[in-house]
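Scroll down for the structure; my scribbles are underneath it.
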Number of protein chains: 2
Amino acid sequence: MSARVNSALIRQINLARVFHALREHPESSQRDLGRLTGLDKATISTVVAQLQDLKLVERSEQSKARRVGRPETALSIPRSAGILVGVRLEPSAIRVVTTTLAGAVLGHCQLAGSLDIDTALKALRATVDRELAEIGEDWSAVRAIGVGIPGLMDRSGRLVLAPNLGWRDVPIRAMLEELFGCPVEVDNDTKAAAIAERLFGMCRRTDDFIYVTGDSGVGGALFLGGRLYRGAGGFAGEIGHTKVVPGGNLCGCGRRGCLETYVSEAAILRRLAGLGIEAADIGAVAALAEQGHGQVRDLLDEAGRHLGFALSNLVNILNPQLIVLGGNLAVVGAWLMPGLERALMEQALVPLAAEVSVRVSPLGEDAVPMGGIALALDGFLAPPRLTVPRG
Amino acid sequence: MSARVNSALIRQINLARVFHALREHPESSQRDLGRLTGLDKATISTVVAQLQDLKLVERSEQSKARRVGRPETALSIPRSAGILVGVRLEPSAIRVVTTTLAGAVLGHCQLAGSLDIDTALKALRATVDRELAEIGEDWSAVRAIGVGIPGLMDRSGRLVLAPNLGWRDVPIRAMLEELFGCPVEVDNDTKAAAIAERLFGMCRRTDDFIYVTGDSGVGGALFLGGRLYRGAGGFAGEIGHTKVVPGGNLCGCGRRGCLETYVSEAAILRRLAGLGIEAADIGAVAALAEQGHGQVRDLLDEAGRHLGFALSNLVNILNPQLIVLGGNLAVVGAWLMPGLERALMEQALVPLAAEVSVRVSPLGEDAVPMGGIALALDGFLAPPRLTVPRG
DNA sequence: TATTTTTGTTCGATGGCCTATCTAATCTGA
DNA sequence: TCAGATTAGATAGGCCATCGAACAAAAATA
């Protein structure tokens, strides 16, 4: 059953809309917010008053005069409104980012990871504590925490399966809320990163984009029609097992020629090793390419071609506006691009290929933790989804 | 700018929800509708009163007693509420269906098509006039008309391009409203058929499904998260040019091995002709298969395999709950199925393949005109979409 | 200094939904 | 037969939302 549609929901929706409008356009006046949201200025007045009561918004002391007439008073989302904590939880590392409610980064922190759940959680707690001390805030300032995890979640925040961590069927959200004593949101890391791209990255005005990343495998997330698409079972986005080479490399899934046997970090390192080229990680690969290493460049170009082939089918089917390369793929993005764009132009239908552009994510290593920030923000701001039968 | 969120919008949403609940569950009482929509019975009371004022709903005279207490009075969407007209406009044929507002079919009608716009529109008007006479209704009873066209539409109802009809940049919606003097909705035929499947067919409870059809090409429509997904430019769903055979048949798009060179009606007829088997249309092919013609069955099985391969990538990426074969593919669906399901099981990731089921559409030839009905219903019932920044 | 101009607040109107109460219609059981 | 129990639906009052219009505030301008 979907949510009740009543006046409380209206206010919840408009509150979120006004807040996000101010987040996107800092130092706006009430008049600006009215224009941005389409709401009457009287409504904006009461909504802003409520946001002030919630300590989410502050009005600046001095006012800026535009030309004639009463000057506008600028509004802001102050640091005193509280902070958000975004976490990337991985076998190899735990990365923590703290931001204001507006998404401005206050500090970073990183720690070696762990495969044992209890150890990982304890380390996480210690890391966040240290990070808070570093930026001079305490727990009372934390509004919410969001965590991106390489695994599959259900809607209630239960981790169904995380192969890389070796975790299965863990009530991770409940455990973290117990641990931190504040609201916690959890989601798949790639999906979280895609949401971050939408709220803080390069997709702020883009309703339809595909986000691709490549670590151990190749993950994807689909942002369709202004919202993240999760699929019937929450698995949507599994682009890594698209078949790109008939009878190609053997994949962990048991089939041959899957995309992720060519373009994941693991695959690239393995294939370079096969050529006698040692690289510790994707950064080292990028460095080699930067130095003009021909074989490395060729291999990345080929990987880009395979990725472009897989994406071309997706472009034909989904007609996105933008494709974003994130995570490890962003690190070598510049070297994947030529092959990728060539394959895309050759394989995708002309009008669709012409409209889509491919970009490298600007969020870098912070993509997933910033996704945690986006999840946390959603957690206490987003109204419930409501469904109406329609086309 | 998205719609204003105010109390008028709330009522619009709840009106639509109650109407659809009654459409889905005929002869419901107000109490039933309250349970179905989650709304308070007081709210249901006023909403039903308004629906009655709008002549959309009627209360039955006699009442049905369940056990003890005051008996319920059943509500219905009566024929006197008006009728809807659904149209499929094609080069070869114009097909018209009339239904009640609840979607119950009142009559069918078909006519040879035309490639000339003026002739086609005149013929359409005459066909609808005749059909109305046949079911004993006149134009005053028509609430709205919906038309499915094999071509690309923009959001305002302008036909951008219809290669099969040879039309380009035609303000088809405005022309039809002029012609009929009542509200008209237009959309791509495959997308319309998918909406019909959702409202009247086998996907009434399914929020995530892929609809596939094959006429001259292979078309698809994506119903994702409870609504039809159109893509950034309205092109979403082009499954026909997925590459399924490297270096395969030459396609009209200039590339090789596209899906639609194997499984469209045109492709199947052409490939059968290459084997010396003459079939006039897809119905004849189905008949041959029915008679046990080995070569025909083999070719359909192979087509099913190619379709299954294309769909397997899509299943991996979109994680749908259901795949529906419609249009001409439904006619030979039984013979495509074995190859299709085999390919799907082999190629798609196990947990995803296990959850998805493939079905043949029950709507048959009426799928597109019923899509017109769905569009027409949406036109005067669906509230405006509202967007909230979120994940 | 008075006027103009623009911003933001407040008040009343309107119209949603919801709680509580009331009425209607039937069944139950003595 | 008839009073009570039970359930469906209507109505009134409360609350809260947006919105239009009048109002207050603050600065530039003449």
Side-chain angles (χ1 to χ4, degrees), chain A residues 1-18 22 27-53 57-76 383-384 386 388, chain B residues 1-18 22 27-53 57-76 383-384 386 388:
Chain A
M1 183 65 54
S2 106
R4 279 195 176 182
V5 179
N6 54 24
S7 46
L9 178 63
I10 293 189
R11 173 48 68 98
Q12 215 176 333
I13 291 173
N14 285 333
L15 212 64
R17 279 159 54 125
V18 168
L22 180 58
E27 302 297 308
S28 286
S29 66
Q30 292 194 19
R31 175 176 154 279
D32 296 331
L33 294 178
R35 295 195 178 165
L36 288 167
T37 60
L39 292 169
D40 191 88
K41 61 178 183 168
T43 308
I44 297 289
S45 185
T46 62
V47 168
V48 167
Q50 187 174 351
L51 286 169
Q52 252 183 307
D53 288 348
V57 161
E58 227 172 43
R59 39 212 333 157
S60 86
E61 284 308 319
Q62 73 255 31
S63 41
K64 276 186 272 180
R66 278 200 199 280
R67 280 174 158 262
V68 308
R70 174 176 170 175
E72 311 177 324
T73 58
L75 301 172
S76 62
L386 51 92
V388 188
Chain B
M1 185 64 56
S2 107
R4 280 193 175 184
V5 179
N6 54 25
S7 44
L9 177 64
I10 291 192
R11 174 46 69 100
Q12 216 176 332
I13 291 173
N14 284 333
L15 214 63
R17 279 159 52 127
V18 169
L22 181 57
E27 303 296 309
S28 286
S29 66
Q30 292 192 18
R31 175 175 154 281
D32 295 332
L33 294 177
R35 295 196 177 165
L36 288 168
T37 60
L39 292 168
D40 191 89
K41 61 177 184 167
T43 307
I44 296 290
S45 184
T46 63
V47 168
V48 167
Q50 187 173 350
L51 285 169
Q52 250 183 311
D53 287 348
V57 161
E58 230 172 41
R59 37 206 341 149
S60 87
E61 284 309 319
Q62 74 256 30
S63 42
K64 276 186 271 181
R66 280 201 196 278
R67 278 174 158 260
V68 309
R70 175 175 168 174
E72 311 177 324
T73 59
L75 301 172
S76 62
L386 53 93
V388 187

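Order of the sequence lines sets the chain letters (A, B, ...), proteins ahead of strands, with each chain counted from 1. Keep in mind that the numbers below use all heavy atoms, side chains included, and drop hydrogens, waters and symmetry copies.
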I need the minimum non-hydrogen distance between [X] and [Y], along with the two atoms involved.
| X | Y | answer |
| --- | --- | --- |
| B:Arg4 | B:Leu9 | O-CD2, 3.6 Å |
| A:Leu22 | A:Leu33 | N-CD2, 3.8 Å |
| A:Ser28 | A:Leu36 | OG-CD1, 4.2 Å |

side-chain hydrogen bond (donor to acceptor under 3.5 Å, both in side chains) partners for A:Glu27, two or more places apart: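 Here no residue qualifies.
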
Residues that B:Thr46 engages under side-chain hydrogen bond (donor to acceptor under 3.5 Å, both in side chains), provided they are two or more places apart: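 Per chain and number, B:Thr46 pairs via side-chain hydrogen bond (donor to acceptor under 3.5 Å, both in side chains) with B:Arg11.
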
Set of side chain to side chain contact (heavy atoms under 4.5 Å, CB included) partners for A:Ser45, sequence neighbours left out: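 A:Ser45: side chain to side chain contact (heavy atoms under 4.5 Å, CB included) contacts with A:Gln30.
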
Results of side chain to side chain contact (heavy atoms under 4.5 Å, CB included) for B:Ile10 - residues two or more places apart only: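 With neighbours one apart ignored, the set is A:Val5, A:Ile10, B:Asn14.
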
A:Asp32 side chain to A:Ser29 backbone, donor-acceptor under 3.5 Å: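 Answer holds: yes.
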
Main-chain N/O of A:Lys41 paired with A:Arg31 side-chain donor or acceptor, under 3.5 Å: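 No, A:Arg31 side chain to A:Lys41 backbone: no donor-acceptor pair under 3.5 Å.
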
Nearest whole angstrom, please: distance from the [atom2] of [N] to the [atom1] of [X].
| X | N | atom1 | atom2 | answer |
| --- | --- | --- | --- | --- |
| B:Lys41 | C:dT21 | NZ | C1' | 10 Å |
| A:Gln30 | D:dA24 | CD | P | 18 Å |
| B:Leu75 | D:dA8 | CG | C1' | 11 Å |
| B:Ile44 | C:dG16 | CD1 | P | 15 Å |
| A:Arg59 | D:dA25 | CZ | P | 14 Å |
| A:Arg31 | C:dT9 | CZ | P | 15 Å |
| A:Gln12 | C:dG16 | CD | P | 21 Å |
| A:Leu9 | C:dC18 | CG | P | 11 Å |

Would you tabulate the nitrogen or oxygen pairs shorter than 3.5 Å linking the protein to nucleotides 28-30 of chain C?
none

B:Arg70 (side chain) and C:dA25 (base): donor-acceptor pair under 3.5 Å: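 Counting by modelled atom types and ignoring angles, no donor-acceptor contact under 3.5 Å is found here.
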
Nucleotides 12-18 of chain D: protein proximity per nucleotide (B base, S sugar-phosphate only, - neither; heavy atom, under 4.0 Å): -----SS

